[in-house]
Amino acid sequence: MADDLRRNMALFPIGIVMKLTDLTARQIRYYEQHELIVPARTSGNQRLFSFNDVERLLEIKSLIEKGVNIAGIKQVMNPVSKESEEATVVSEQSEVKRKELSDTQLHRLLKQQLIEKRPGNKASMIQGQLSRFYNKN
DNA sequence: ATTCTAACA
DNA sequence: TGTTAGGA
């Protein structure tokens with residue numbers, strides 16, 4: 001509810017986030033480049049992360065460990081924007097819908113990619129995503 | 001002391 | 001991804 005405000009307030013610098021997530025600064029910045037996270041900035045251009053950012057990073061880390069690449073994560077995770085943040089605050093129903101939709105999309109992507117990834121396409125983003133189905137997330 | 005961007009023996 | 005140079 002209204003503590004989304006707290007979860008979204010930029011509080012910690014990258015150093016703390018590194019310890020909190022066990023990710024390197026390189027990785028954190030890299031994920032930001034790919035818009036998986038959008039941390040705030042200080043006047044001095046230093047990143048300030050919120051609890052939500054940390055949570056997202058932990059999820060990203062989890063997916064990476066399962067072998068999902070950036071392209072795959074982009075499709076599995078909820079988009080980062082004011083719109084989505086509001087949606088999360090306004091209705092938890094939409095959040096549930098987004099998750100169910102994600103799995104549906106994954107299923108779709110799974111087939112879509114199983115047929116288009118024939119040559120030596122090692123960067124298939126379905127890696128690991130299979131485990132999501134088999135392990136029931 | 002920390003973090004930032006850009007670039008690659 | 002790691003690492004490093006050169007600057008805030």
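In what follows, chains carry the letters A, B, and so on, assigned in the order in which the sequence lines appear, proteins first and then strands, with residues in each chain numbered from 1.
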Between the protein and nucleotides 2-8 of chain C, list the N/O to N/O atom pairs that are separated by less than 3.5 angstrom.
from	atom 1	to	atom 2	distance (Å)
dG2(C)	OP2	Thr24(A)	OG1	2.9
dG2(C)	N7	Arg26(A)	NE	3.1
dG2(C)	O6	Arg26(A)	NE	3.3
dG2(C)	O6	Arg26(A)	NH2	2.8
dT3(C)	O4	Arg26(A)	NE	3.1

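- Atom-to-atom, CD1 of Ile14(A) to C1' of dT2(B) comes out at 10 Å; the value is rounded to the nearest Å.
- Taking OH of Tyr31(A) as the reference point, atom CD1 of Ile60(A) lies at 7.0 Å (rounded to 0.5 Å).
- Taking side-chain N and O atoms only, Tyr30(A) has no distance below 4.0 Å to OP1 or OP2 of dA6(B).
- As a whole-Å value, the separation of Asp22(A) CG from dT1(C) P is 13 Å.
- For the pair Phe49(A) CZ and dC4(B) C1', the interatomic distance rounds to 11 Å; values are reported in whole Å.
- As the counterpart of dA1(B), no nucleotide is assigned, since no Watson-Crick or G-U wobble pattern has both distances under 3.5 Å.
- Rounded to an integer number of Å, the gap from Ile28(A) CD1 to dC4(B) C1' is 13 Å.
- For Arg56(A), there are no salt bridge (Lys or Arg N to Asp or Glu O under 4.0 Å) partners at least two apart in sequence or on another chain.
- Spacing of C1' atoms, dT3(B) relative to dA5(C), comes out at 14 Å, to the nearest Å.
- Going from atom CG of Leu23(A) over to atom C1' of dT1(C) covers 12 Å, rounded to whole Å.
- From Phe49(A), atom CZ reaches atom CD of Glu32(A) across 6.5 Å, with rounding to the nearest 0.5 Å.
- For the P atom pair drawn from dG6(C) and dT2(B), the interatomic distance equals 22 Å after rounding to whole Å.
- Between Val17(A) and Val54(A), the shortest heavy-atom contact is CG2-CG2, 4.4 Å.
- Nearest approach of Leu48(A) to Leu11(A), heavy atoms of both residues: CD2-O, 3.9 Å.
- Atom CD of Gln33(A) and atom C1' of dT1(C) are 12 Å apart (whole Å).
- Taking OG of Ser50(A) as the start and CD1 of Ile37(A) as the end, the distance is 9.5 Å to the nearest 0.5 Å.
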